[in-house]
Amino acid sequence: MICRVLFLMLLIVVGAGGFSTPASVMSQDAAPGVTIHVVQRGENLYRIALQYGLTVDEIAQYNGIVDPTNIQVGQRLLIPLASSAAAALPTTHVVQPGETLRSIAELYGLTVDQLVALNAIANADTIYVGQVLNLVPGQPAMAPTIPVEAAPVVSPESQTLIYVVEPGDTLFKIATRFGLTVNDLASANEISDPTVVYAGQRLLIPGVEPPQITVDLPPNVTSFTLSPLILVEGETGEFRLTTAVPMTITGQFLGRDIRDATPDGGLTHVILVGVPVFTEAGSYPIQLTLTDSIISQQIVLDVSVQVLAGGYGNENITLLAGRDNLLDPSLDADEKAFIEGIMSGFMPTRYFNGPMGLPAAASITSPFGRKRSYNGGPRTFFHSGTDFAGAPGTPVMASAPGVIVFADTLNVRGKATIIDHGWGVYTGYWHQTEQFVSAGDVVTVGQVIGTIGATGRVTGPHLHWEVWVNGVPVNPMQWVKQSFS
Ligand SMILES: [Zn+2]
């Protein structure tokens, strides 16, 4: 048997005196970096192509556009980025429908005050769609890019892990992930003010061995990649395999059956996995069985994957007197099982395309993942979505294209809508006051599907937004920042 050994980490190319770019972490078989451009008033394909150093034909071809003179304001274009462009830090951001200064600040790991100062904004409530915001001091307005790949990279000389700061990261969050203190991290990187880190910054992670994903690639398996290379508790990861002959892939990861999406008849395999919150940091096996579709021969691939802590933090919640009965698990069990049943499905058609949009033009009040203890009890609960506070009646928008699979009223979740985006990816929108869609409807990204309300078990009006991947609730904000497949 011919075995090729693939050292994913050895594919990193490090130039003299510099570190590799995030994009170069991927092998040549991986999808290149992609960003989304939302067509603004007055733009045409020629102007957009110029912005990204591409030709009109390249963009048209990449987006299946037959008539390049016919593009619509608000249309989302996939922009393939060259590896150098993919690694470039965003210096500006074009305000999209549904965004607020707060949501934009969170996207880039800034504070609202920093954004206000960088852009000399007099009134934080008056940003407008299409406005170009500076993200760094003194930068000219340039094409907006979103870093789509932010995997840790490694410096081979030192064999020390290099972590590329992602939007929304803080030094505390990163330190927690690697089991370090903020001071350890600050001193290893000569950072004088630990409150200031920026997306794209490369940090040395002292004392942490770089990951080695070593796979004997069997015959007929031409590539195998994992993105990001190190998974994070509560986040989404993507395995991608290509095979020389049609195969089906089965296997398990973290106790769940994996699902093999094969958009081209069985040569490309995309496996999306959600890492459940409460998964302990450590190394986890994933065993894949590849079955040749023609001769039924089976190959087994064993891979070990590293999972880091999410660093989501804890919160203690004291319920109002007399509400302890809400903690009775049997009260919620039926509804939870019902929701899980829907959101664990798998539609082979992929509807999602690029990063998801925010579901409401409202500020985020409670992030995903906080581990909760009620009334001093065990910390066995966690916040399974992202909360947006909005006035009742504020539109709720579909985060990505898909098919409505549920739109009805539940006890805990109130008026709830679930969208199936294909490949095991679902979004849920709870506590609405109005619903404008019903099961079976096909929706587009940004389509208004309902309004914010206070139905179900809530303390006030808000939208609770969930993203599920292969039956696991995951951090929705990762899907806003990053594009999968
Ligand atoms: Zn919530």
Side-chain angles (χ1 to χ4, degrees), residues 36-41 72-78 93-104 106-107 125 127-131 146 343 350-368 385-408 413-422 425-456 458 461-468 474-484:
I36 299 275
H37 180 93
V38 180
V39 178
Q40 306 295 316
R41 212 167 291 284
Q72 312 291 327
V73 172
Q75 186 174 348
R76 294 183 160 221
L77 298 174
L78 291 171
H93 175 88
V94 178
V95 178
Q96 305 296 319
E99 289 188 319
T100 62
L101 267 189
R102 189 163 168 167
S103 70
I104 297 165
E106 158 140 31
L107 203 56
D125 293 321
I127 60 166
Y128 53 89
V129 172
Q131 186 174 358
I146 296 171
M343 295 177 96
R350 175 172 65 112
Y351 281 76
F352 63 92
N353 206 349
M356 287 189 180
L358 292 172
S363 27
I364 293 171
T365 48
S366 180
F368 171 88
T386 303
D387 286 349
F388 295 80
T394 302
V396 172
M397 298 173 283
S399 298
V403 181
I404 305 290
V405 285
F406 180 82
D408 207 344
R413 291 161 183 81
K415 285 191 192 297
T417 302
I418 300 174
I419 305 177
D420 184 349
H421 304 286
V425 179
Y426 292 80
T427 51
Y429 310 78
W430 311 155
H431 311 308
Q432 298 168 92
T433 185
E434 292 171 283
Q435 292 173 302
F436 304 137
V437 288
S438 36
D441 290 355
V442 174
V443 292
T444 58
V445 59
Q447 183 173 334
V448 177
I449 57 169
T451 56
I452 290 182
T455 57
V458 294
H462 76 283
L463 172 71
H464 172 105
W465 178 48
E466 297 199 351
V467 176
W468 286 53
V474 293
N475 186 358
M477 294 311 289
Q478 187 192 6
W479 280 81
V480 172
K481 297 165 189 168
Q482 195 173 325
S483 131
F484 289 92

Subject >> Distance (rounded to the nearest 0.5 Å) between Gln72 CD and Leu77 CG >> reply: 11.0 Å
Original post:
What residues form a side-chain contact (heavy atoms from CB on, under 4.5 Å) with Thr365, not counting sequence neighbours?
Top reply: Asp387, Ala389
Original post:
How would you list, by chain and number, every residue that makes a side-chain hydrogen bond (donor to acceptor under 3.5 Å, both in side chains) with Thr386, sequence neighbours excluded?
Top reply: none
**OP:** Identify the two heavy atoms, one from Ala400 and one from Val443, that lie closest to each other, and give their separation to 0.1 Å.
**Re:** O-CG2, 4.5 Å
Subject >> OG1-CG distance between Thr394 and Leu463, expressed to the nearest 0.5 angstrom >> reply: 9.5 Å
Original post:
Say you draw a straight line from CH2 of Trp465 to OG of Ser399; how long is it, rounded to the nearest 0.5 Å?
Top reply: 4.0 Å
Subject >> Thr455 side chain to Thr433 backbone, donor-acceptor under 3.5 Å >> reply: no
Subject >> side-chain contact (heavy atoms from CB on, under 4.5 Å) involving Pro367 - partner list, sequence neighbours excluded >> reply: Arg370
Original post:
Where do Ile452 and Ala391 come nearest, in terms of heavy atoms and distance?
Top reply: CB-O, 3.9 Å
**OP:** Would you indicate whether the side-chain heavy atoms of Pro401 and Val445 approach each other to under 4.5 Å?
**Re:** yes
**OP:** Please list, chain by chain and in numerical order, all residues satisfying side-chain contact (heavy atoms from CB on, under 4.5 Å) with Val405, sequence neighbours excluded.
**Re:** Ile342, Ile418, Asp420, Tyr426
Subject >> Passing candidate, side-chain contact (heavy atoms from CB on, under 4.5 Å) with Val425, options Phe352, Tyr351, Trp468, Phe484 >> reply: Phe352
**OP:** List for me each residue that meets side-chain hydrogen bond (donor to acceptor under 3.5 Å, both in side chains) alongside His421, sequence neighbours excluded, and say none if there are none.
**Re:** Thr427
Original post:
To the nearest 0.5 Å, what is the distance between CD1 (Ile419) and CD (Gln447)?
Top reply: 8.0 Å
Subject >> Straight-line distance of Glu466 CD to Trp430 CH2, nearest 0.5 Å >> reply: 5.0 Å
**OP:** Could you tell me the separation between the NE2 atom of His431 and the CZ atom of Arg413, rounded to the nearest 0.5 Å?
**Re:** 8.5 Å
Subject >> Stepwise side-chain contact (heavy atoms from CB on, under 4.5 Å) test for Phe388 and Val396 >> reply: CA-CA 10 Å; Phe388 295 80; Val396 172; over 6 Å; no
When the side chains of residues 434-441 are checked against the rest of the protein, which donor-acceptor pairs come out under 3.5 Å, sequence neighbours left out?
unit_1	atom_1	unit_2	atom_2	d
Glu434	OE1	Thr451	OG1	3.0
Gln435	NE2	Ala416	O	2.9
Gln435	NE2	Thr417	OG1	3.2
Asp441	OD2	Ser438	N	3.0

